[in-house]
Every structure is written in structure tokens, then in C-alpha cells.
**Student:** 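This is the structure, below, for whatever I ask next.
Source: prediction; values computed, not measured. Proteins get letters first, then strands, A, B, ... in listed order; numbering begins at 1 in each.
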Amino acid sequence: MRTFLTMLGIIIGVASVIAMLAIGEGSKESIKTQISSMGSNMITIRPGTDVRGGVRLERSAMETLTLNDYKAIEKETKLLTSVSPMVNSGGQSIYGANNWPTSVYGVAPEYLKIKIWDLAEGSNFTDKEVSSAAKVAVIGQTVAENLFKDGESPIGKMIRFNSIPLKIIGVLESKGESTFGQDQDDVILAPYTTVQKRILAITHLESIVVSSISEEEAPNAVIEITALLRKNHKLTTNEEDDFHVISMEEMIKTFSSTSEMLTVLLVAIASISLLVGGIGIMNIMYVSVKERTREIGLRMAVGGQGSDILLQFLIEAMLISITGGLIGVSLGLGATLFIENVLHWPTSVTSSSIVISFVVCAITGIFFGWYPAKKASTLDPITALRYE
Amino acid sequence: MSKTIIKIEDLKRSFTMGEETVHALKGISFSIQEGEFVTIMGTSGSGKSTLLNVLGCLDQPNSGVYQIDGVSIKELTKNELARIRNEKIGFIFQSYNLLARTTAIENVELPLLYSTKTLTAEEIHDKAFKALEQVNLSDRLDHTPSQLSGGQQQRVAIARSLVNEPVVILADEATGNLDTRTSYEIMALFQELNKQGKTILFVTHEPDIATFTGRTIVLKDGHIIQDYINNNVQSAAEALLALPIEED
Ligand SMILES: Nc1ncnc2c1ncn2[C@@H]1O[C@H](COP(=O)(O)OP(=O)(O)OP(=O)(O)O)[C@@H](O)[C@H]1O
Ligand SMILES: [Mg+2]
């Protein structure tokens, strides 16, 4: 019982390390798959200077990206397959008595290819409809469900977005929620010209999204775009970029570094409880050495050497910590399952986290068992035998 | 001429406690030949246990010579002393000192586990079993100390002292915790072992115990005051028969 209480520190420590690592790994992985499902070749170009880590400027206040940039990128690059400009506007969509607050994205037809989105019904708009700023739209499932509640097909229906009438020609397949908790189906896509002219009344672009020919070429594509835009914007070498090119890879890095920091923090907390567990082991080993002083004396009297005694107590300390570790690992796995199934957080248990826990346990046992064991091994046989 | 097993010369041992120094052994000399059965007698505090602890290499003398089986223990390291205790000495305590929650045979196996000889688990078990047979306890192998009587526990301890075939068995008041009948049983066992050639050194308070051994050394205040041969050794087995039958 006392041994179990001692183990508790280790158990809690290991269980939390396992669970925390599982959560950390899980969120990292799900971010990765989410981002790649958004199109791993996707590159986004935004106006404004690179302010990562610093003060973020109001992007919409920057009007450095223009249709000319879009056309130049479309024509003069070799490493890109699809290019689409993007402007967006929030607002109210209305159909009959139903209304739904959402955003409209003004894009080119290529946008669906870049995002790897498919249509569930109807068709995408065409380049011709872009040129004519046609009042057509493709809507996401969430918008469809909220505007067409009785299950009628949205295709061919007229909706209003901020009082601009739009004819629905397609419905997107459901994409679900993104890792960032954003409903990817809550969207209306329309020709960018339509959004620019009829809804926002602007001429600049809010961003340009492109996809590179392959994931490997994405970094080179970033370089190509940067060079092209610098030339077009007539920036001298000592001027900073007035735009900002982000590849998916970079986005993955940014997000995983955040979740990595979280993991480190969680592991640090868990390590503290391991430390506390270790001190518990030291304490019980100390008590054990005291209580068994006569036994130690007897073992020495029949020929046990200091090193035999040392080994015996070290092994005992390790047994306690490893047993604690075992229970801790199973508890941690249980907690992970609970988190996965009840809280629906993404988790991922890596075998390395289990191995690391075990190694740490063994080391904890040796480290904290060492001093009491050493003390036992240096006892004088006759003093130990006399000990009451 | 028989072999000298133990040889001590002018052995001194004193304990310092703060200001005071207690001289427990004030220059003891004697030697013991192979096959002898010797009792060490003396009043309480005369230094018997101190002497036996030194002889058992559990304690170190302050000065003097001590040779066991031809080895001088003076220059030995801690580990070498442990090895001497393991290979040459069988020590028996008044309070048995068996490991609790450990079976009789496991207790007997203990010295073999610390042996430098490489023995298989089977050999260890066999040797321990034979030692328990010698003390007539081969039917109590899996009993733990709490399931054994005092006399049986002491016999386990004797088996443990025998198991590694030491050159000498040292017993410190091995019968001190036992009643007369059981004491005589133990003495009969020691006489039996002595007949088989074991050298035994036996510390006791009780004069009747000394009549079972061939030589008696009497200590007083850290000195030897008597060292005599007993030409009229009694048989403990016969004495046991002569004891009045206990009535329940
Ligand atoms: N570790 C020690 N520290 C201090 N003094 C000690 C120690 N061991 C023994 N002595 C002293 O040495 C003297 C001899 O003690 P020892 O135990 O050898 O006596 P003994 O003959 O075995 O007595 P008993 O018959 O009561 O067991 C005693 O005066 C005792 O107080
Ligand atoms: Mg004594």
C-alpha cells in the first residue's frame, strides 16, 4: 500500500506525459492533414509586409495587390498550375424568408482546383461569367442547408447577398470543420469581378491564391512569385516586400511550432510530477533501508558485498518506478482514449513516447534510489546487525 | 599435526563513546585447531560477543594478529572480508537473524547467492537441501520463519552457516533464546557436526553447555582467565534423554 502511494507520483507523471504527448501529437497531425487537405501545393499571396512575430498590420488597408499582379503571375510563372485572385466580403444571404450570415469569396474558376474542392451539384462558373461579372454563385453545404430548409435543390434559385441578387449554379461538397474550428462549408463563391464591382466596389485584390506544380516545387514557386512581384512593384533592393507569400509548408510550420510549444509546456508540467514521484521513491527507499538495516547486516554477515547490497536496493527502486511506469502508461492510454472518444480531441500515441516514459522511469528509479542504496551498501555489518 | 584454523595474538578492541573508552578486549591470544569444539564463557560484559564478532570478521580489532585458515585479515579490504565471511565462516546469532517472509530453504541458499563460485540454481538448491537435511529440517523447506518454532529457526540458521562448508562455525549464545530441552537438542546437533569434523566456537552463559565441549575458554573483563581441556565430555543426546519428561 505504501509502495503504491509512492508509485502514485510516477503513475500520474507517466500517465500525464503519455496523454499530453498524445494530445500534442494528435493536434499536430490533424493540423497537418487539415492543411494538406486544403491543398498542400497552395500558396497564398497577401498584401502588406512580412510581420510575423511583430505587429500585424490591418491587411485590408493595404491595397498593393492588383489585378495586374494576378495577370502577371498567371502569365509569367512556370511553376504554377492554377492562379486565382480573391476578394471577400461578409454579409447576409437571404432566400425567401430564410437568411444566414456568411461570407462571399470572389474568386476565379481555378479556385476549386487550388483548394481541391468538388461540386456536389450543378456546375462552376466560367471565365466568361468572370469577364461579364455575372451574378452567379456556388454555395457551400452550410449555406445551402440554412437557406433551403425544406430540402429543395438550390440550383437555379436566386438568393440575395447584401441585397445583390445571385443565381446559384452549383453546390460544393461538404468539407467539414477545419482544425481552426472554421466551418469550411459556410461559404459562397462568386466571380471575383462580381464581388469587386457589385458588392465591395473596389479594384484591388485582397489576396491571390495559387497552386504550384508540385509540393517539392512550392518553395521555388514562392521565390519565383516574389521576384516577379518585386519587379512589378518596382521595389529597389533595399525596400521591403510590400506583399507576403506564404506556402502551405510554412503554414504547417507555424501551426506545428505553436502546438510543439504547447507540448513542451505540458511535458514540463508532467516532468515535475515525475520529479515529485522520484522524490517519493527516494523517501520510501530511505525508509526501507532503515527498516531493513538488520537484514542488510545479515546479508553482509553471510558474505554480501557492498555492491551486492547497492544492486539489490537499486533494482528494488527501479522495480517500483517501472511498475509505476507500467500502470502510468496504461492509465495514460486510457486517458487518451477517453479524450479521443468523449472530448473528441484528436490524439495520437507514438511508441516513442511510451519508450521515453519507461526510460525516464528507470532513470528516475536509479537516480532517486541511488542515495539510499549507497547508504545501505556502506553500512558496517556489525552496526547494521545491532540496529534495533 | 592438525591444522590451525584460528590464531589470535594479543588481540585488542576498544570502543570510544565520546569521552569514555571501553576496553572490551585487552589482549587475547589463543589458537584453535581443526576439529575442536570450544565454548567461550564469561560474565555479561566480559567481551565474548566482541571477540566473536572480530573472529567472524564482522568487526575489526584495534591491534593484534588474527589469522583464519592461514589468512591474516589485517590487510584485507571490505570486499575481501565479505568473501572470508562467505567462504570460511558460518555465523550463528542468538536471535537467529533469518529473513522474514522468506522460506527456510531460501534463507539457507542466501550465502550461496553471494558466493564467487558460479553455481547453477539447481546446485544451490541441492546444497541448501543437504544442509537442511543435516539439521533434520528437510520437511520444513517452504516454511517461513514465522511458521517455525525457535529451535527450528535456529536449526535453519545452523543450516545456513553450514551450507558453504566454512572452516569454522561461530555461534553467539545460539541457545540463549531456547529452553533447556531445545538447547540440548541444538547441542546434540553441534556435537554431531563436530564428530563429522566441523570446528565450532560456541559462546554461552550456561556452565552446563560447556560440559558438552572439549575445551572451554573463560573471559573476564577482556582477559582470558581460564583455558582448559575438558576430558569428560558429556553427550548432549544422553543428557536430553535424562531430562524429566515435561508434563502438559
Ligand atoms: N559497539 C559498542 N560500543 C560501545 N561499547 C561496546 C560496544 N560493543 C560492546 N561494547 C562494550 O564492550 C564490553 C563487552 O561487550 P560484549 O558484548 O562483548 O559482552 P558479552 O560478553 O558478549 O556480554 P553478554 O554476555 O551480555 O552478551 C561491554 O562493556 C560493552 O558495553
Ligand atoms: Mg554477548
**Student:** Given Phe91(B) and Val302(A), is the side chain to side chain contact (heavy atoms under 4.5 Å, CB included) satisfied, shown in steps?
**Tutor:** CA-CA 8 Å; Phe91(B) 210 105; Val302(A) 299; over 6 Å; no

**Student:** Let me know if Arg292(A) has heavy atoms under 4.5 Å from chain B in its side chain, its backbone, both or neither.
**Tutor:**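 Neither; nothing under 4.5 Å.
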
**Student:** Which heavy-atom pair separates Ala301(A) from Phe93(B) by the least distance, and what is that distance?
**Tutor:**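 Where Ala301(A) meets Phe93(B) most closely, the heavy atoms are CB-CZ, 4.0 Å.
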
**Student:** Could you give the distance from NZ (Lys78(B)) to OG (Ser377(A)), rounded to the nearest 0.5 Å?
**Tutor:**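 Interatomic distance, Lys78(B) NZ to Ser377(A) OG, rounded to 0.5 Å: 7.5 Å.
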
**Student:** With a cut-off of 6.0 Å (strictly less than), are more than 12 heavy atoms of other residues, nucleotides or ligands near CD of Glu20(B)?
**Tutor:**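 Incorrect, the count does not exceed 12.
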
**Student:** Which atoms of Leu298(A) are under 4.5 Å from chain B, going by heavy atoms: the side chain, the backbone, both sets, or neither?
**Tutor:**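 Looking at Leu298(A), just its side chain touches chain B.
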
**Student:** For the residue pair Ser95(B) and Arg294(A), what are the closest heavy atoms and their distance?
**Tutor:**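 What the structure gives for the nearest pair is OG-NH2, 3.2 Å.
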
**Student:** Can you name the closest pair of heavy atoms from Gln305(A) and Ala82(B) and give their distance?
**Tutor:**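 So the two residues come closest at CG-CB, 3.7 Å.
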
**Student:** For the interface with chain B, which of Gly304(A), Gly306(A), Gly297(A), Pro381(A) has the highest count of heavy-atom pairs at distances below 4.5 Å?
**Tutor:**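 The answer is Gly304(A).
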
**Student:** Counting heavy-atom pairs closer than 4.5 Å to chain A, which one of Asn86(B), Leu113(B), Asn53(B) comes out on top?
**Tutor:**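 The answer is Asn86(B).
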
**Student:** Just wondering, more than 12 heavy atoms not from Tyr371(A) lying within 6.0 Å of its OH?
**Tutor:**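 No - once you tally the heavy atoms of other residues, nucleotides and ligands closer than 6.0 Å, there are 12 at most.
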
**Student:** Tell me whether the count of non-hydrogen atoms from other residues, nucleotides or ligands lying under 6.0 Å of NZ in Lys26(B) goes above 12.
**Tutor:**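 Count over threshold, so yes.
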
**Student:** Would you name the heavy atoms of Arg85(B) and Met300(A) that are closest together and state the gap between them?
**Tutor:**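 Taking Arg85(B) first and Met300(A) second, the nearest heavy atoms are NE-O, 2.8 Å.
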
**Student:** Quick check on Phe367(A): does its CZ atom have over 12 non-hydrogen neighbours (other residues, nucleotides or ligands) under 6.0 Å away?
**Tutor:**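 Counting neighbours around CZ of Phe367(A), 12 or fewer heavy atoms of other residues, nucleotides or ligands fall under 6.0 Å, so no.
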
**Student:** Under a 4.5 Å cutoff for heavy-atom pairs, which residue among Leu99(B), Leu81(B), Asp59(B) has the most contacts with chain A?
**Tutor:**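 Between Leu99(B), Leu81(B), Asp59(B), the count favours Leu99(B).
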
**Student:** Atom CD of residue position Glu80(B) - does it have more than 12 heavy atoms of other residues, nucleotides or ligands inside 6.0 Å?
**Tutor:**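 Check passes, neighbour count above 12.
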
**Student:** Hey, could you give me the CZ/OG distance between Arg386(A) and Ser49(B), rounded to the nearest 0.5 Å?
**Tutor:**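 Answer for the CZ-OG pair, Arg386(A) versus Ser49(B), is 7.0 Å.
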
